Amino acid sequence: MNTVTERHAVQALEQGRVADACRLFAEVAPHLKDPKSLFAAAVAFASGSRFAQALDMLGRLDAGREPLGESLNLRADICAQMGRDRDAAAIYGELIKRGRADEALYYKYARALFSAGAVTAALAALEPALRVKTAQTRSQAKLLKARCDAALGHYAQAQQQFEKLLKNKDLDDAAQYRLARLALHTGELEKAQKLLQAYSRKHPEVAAAQQALLLTYIHAGQSEPAAKMIQGLHEHNGDPETIFIAADFIHEMELGDVFELLERAWRQHHNPALFRGYLTRLLVANNHDAARALLDQYAARYRRDALWEWGQMSVLRHNGEHQQVLDLATAASTDEPHTEAMCLAYFALGQYDQALARAMALNKQYPADQYFIAMLVTALRCLGDPRYQQLVNYATMLHTVDLTESSPNSLSTLDWPTLSKQIGALHVMRHSPLLQSVRSGTQTAGNLFVASRQAAVTQLSQRIDAEAQAYFNQLSALGLPQQHPLNLFRPAQPMLHASWSIKARAETYHESHVHSKGWYSGTCYIDVPTTFADDNSAGKLVFGEPPFATKDPLPADAEVLPEVGKLVLFPSYFWHGTRPFVGAESRLVTAFDFGNPDCFV
């Protein structure tokens, strides 16, 4: 130990005072050299959700030598907490290959694979964990196996396993919680509500259960109990995701000032993850003064660390101060956390070669993220690179089907008036989501096709799946190189893993966006205004326009006219949005993603 501050930091960590340990380690971080102190600092920062700093400490600890097992294990745990599940699974797998596996490691490896969407691989990796001597690990593995079955759509089998695990005294609570999430996912909302209420009475401290219960109220359209639950939520639940769900519900139902809730939660908990989401929403609402005040509050508590730098760059970008973004990123101690901000600044300044370099780095760090693939594609377009045409070929990759006509893929005939009535009735929100692409319209909650109990909606889902699978089977005939995103990240079995509906009134439009967690995405038009026509842009689905600034404007390079029954499929990394329209009629669509299994349960 080199300093008194180091000793106090380690002591604070040992006593469980994580916030104090983080503050003290941050003061001496640039000067830490002792391996034990570096590892302790990494543990403290990881425990405080300051993951970039934790990884920085591990990088310095492992510099110039082969990483030790405990360092790799912590790095994998951090990656898992950051949502970098592919990275976590790779590291856990490496530890197993080294023969360093303890019984818990097999389970963590399978869990990381599951969270990364590799559900079939997770099932295979679970086999050793199902045979270990430790009863707790073995039971956890059984629970994860049931979750895998649910993700693969084997809902009855998953329910049976969860109900069997209810008899396990060591796992009955966890099984009850997962059974409740299965009921929520499949639309058995009354069952989900009863299970979650019982679980929450027994475990009021479990934020995830409160979050699921809040989602149950929202999905069931029970605004009063949802609003009642949200009152005082920030006082006893500091989980940022739950608070964001509550805030977004308040916004969409027009129940009050969403930023009052976020401000109270921030003052109560001062969680870095809460800071990130709060700042993002302030900027979407163009409330720059409040964003700057929040940045000052964060700096006073945590200093001007990497997360503060991210926030400052976000404010600068929203103000169009792109050179200042680069200046700040250049002055930062490490540019890894700011690669995305630098990439966007280079686009705005017209330095497309630099934007391409950063986009390639992001794709290496976050493979399969469709947003970063779209950034790379945009850089190629800006540079006039012929690879753009390989990645964005509308003639072969943009696929439309008229579902009003009969098809060899399905014998069913869809009832469009009934679909319009049933899906339209699900639109109970009053305002467009704050962080989604739609502006002025409304969006349904939950997974539409999985949770619906309506026969017509189920029939639509089956028809879409049949047409999509038939098209996916033809993709191999395109002769795309193996490194093409559509081949590289193609799921073993593309699953219809997310679905929702958008109801658009006059002046509604979608900002250009991608579906970051999909592989192939699509939309199906249930009802469209009679004023839509080929000779004007009103309401059209357009492709190719990025949502961020480029020095040279990039116009849309493809468009689709909405028509009742038209199914449109496209790669999830295609930028797409819609044009506003006028008149008294509404547009009603379903939207969806095909990709890896949905691991909600």
Side-chain angles (χ1 to χ4, degrees), residues 16-23 25-26 44-55 77-84 204-215 218 226-227 229-252 255-315 317-318 337-338 340-341 433-436:
R17 295 184 288 113
V18 174
D20 289 338
C22 288
R23 177 178 54 80
F25 274 125
F45 288 135
S47 301
S49 299
R50 297 168 71 169
F51 301 126
Q53 290 169 284
L55 291 174
D77 291 346
I78 292 169
C79 287
Q81 291 180 73
M82 294 176 71
R84 291 168 50 182
E205 77 287 354
V206 178
Q210 294 182 26
Q211 179 189 127
L213 181 57
L214 178 58
L215 284 172
I218 293 172
M229 185 176 179
I230 289 170
Q231 291 178 356
L233 180 68
H234 67 282
E235 296 178 0
H236 53 79
N237 186 336
D239 175 59
E241 188 175 352
T242 304
I243 291 169
F244 294 145
I245 290 171
D248 293 343
F249 174 72
I250 288 174
H251 175 77
E252 291 182 60
L255 297 178
D257 185 351
V258 60
F259 295 110
E260 287 186 8
L261 171 65
L262 293 173
E263 178 65 20
R264 291 198 304 270
W266 165 248
R267 291 187 179 278
Q268 179 79 17
H269 300 288
H270 289 101
N271 184 297
L274 184 60
F275 161 79
R276 191 181 187 101
Y278 183 11
L279 185 69
T280 298
R281 286 163 174 78
L282 285 172
L283 292 176
V284 168
N286 291 316
N287 195 339
H288 290 186
D289 290 340
R292 292 190 187 92
L294 180 60
L295 277 169
D296 291 341
Q297 293 169 21
Y298 182 91
R301 188 173 187 87
Y302 294 113
R303 297 175 170 251
R304 297 189 174 189
D305 60 8
L307 187 54
W308 178 90
E309 291 172 345
W310 165 85
Q312 178 69 3
M313 291 179 198
S314 298
V315 172
R317 183 174 68 254
H318 274 259
H338 307 314
E340 181 183 351
L434 191 60
L435 296 188
Q436 299 299 321

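It should be emphasised that the depicted structure is a prediction, and the values quoted were computed from it without experimental measurement.
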- Query: Is any side-chain heavy atom of His251 less than 4.5 Å from a side-chain heavy atom of Pro433?
  - Reply: no
- What is the minimum heavy-atom distance between Ala44 and Ala21, and which atoms define it? CB-CB, 4.0 Å
- Any chance the side chains of Trp266 and Gln297 put a donor and an acceptor closer than 3.5 Å? yes
- Message: Please evaluate residues Arg84 and Ile78 with respect to the criterion side chain to side chain contact (heavy atoms under 4.5 Å, CB included), reporting the C-alpha separation (whole Å), side-chain torsions for both, the decisive distance (0.1 Å), and the verdict.
- Response: CA-CA 8 Å; Arg84 291 168 50 182; Ile78 292 169; over 6 Å; no
- Would you check, one step at a time, whether the test side chain to side chain contact (heavy atoms under 4.5 Å, CB included) holds for Phe51 with Gln81? CA-CA 9 Å; Phe51 301 126; Gln81 291 180 73; 3.7 Å; yes
- Query: Are the side chains of Leu274 and Asp239 in touch, meaning some heavy atoms are under 4.5 Å apart?
  - Reply: no
- Shortest non-hydrogen pair, Leu261 vs Ile243, comes out as CD2-O, 4.2 Å
- Message: Are the side chains of Leu295 and Phe275 in contact, using a 4.5 Å heavy-atom criterion?
- Response: yes
- Could you pull out all residues at least two apart from Tyr302 that satisfy ring-ring contact (aromatic ring centres under 6.0 Å, His included)? Tyr298
- Message: With a 4.5 Å cut-off on side-chain heavy atoms, are Glu241 and Gln211 touching?
- Response: yes
- Note on the structure: Correct closest heavy-atom pair for Ala306 and His338 would be O-CE1, 3.2 Å
- Task: Give a yes or no on whether Arg17 atom CZ has more than 12 heavy-atom contacts from other residues, nucleotides or ligands under 6.0 Å away.
- Result: yes
- Sub-4.5 Å side-chain heavy-atom contact between Phe249 and Leu214: no
- Chi angles and distances behind the side chain to side chain contact (heavy atoms under 4.5 Å, CB included) call for Gln210, Met229: CA-CA 9 Å; Gln210 294 182 26; Met229 185 176 179; 3.8 Å; yes
- Given the rule in the side chain to side chain contact (heavy atoms under 4.5 Å, CB included) test, do Phe244 and Leu262 qualify, once you have shown the distances and angles that lead to the verdict? CA-CA 8 Å; Phe244 294 145; Leu262 293 173; 3.9 Å; yes
- Query: What's the shortest heavy-atom distance between Arg303 and Trp308, and which atoms?
  - Reply: O-CB, 4.0 Å
- Note on the structure: Applying salt bridge (charged side-chain N to carboxylate O under 4.0 Å, His left out) to Arg281 and not counting sequence neighbours gives Asp248
- Nearest non-hydrogen partners of Gly311 and Leu279, listed with the distance: CA-CD2, 3.3 Å
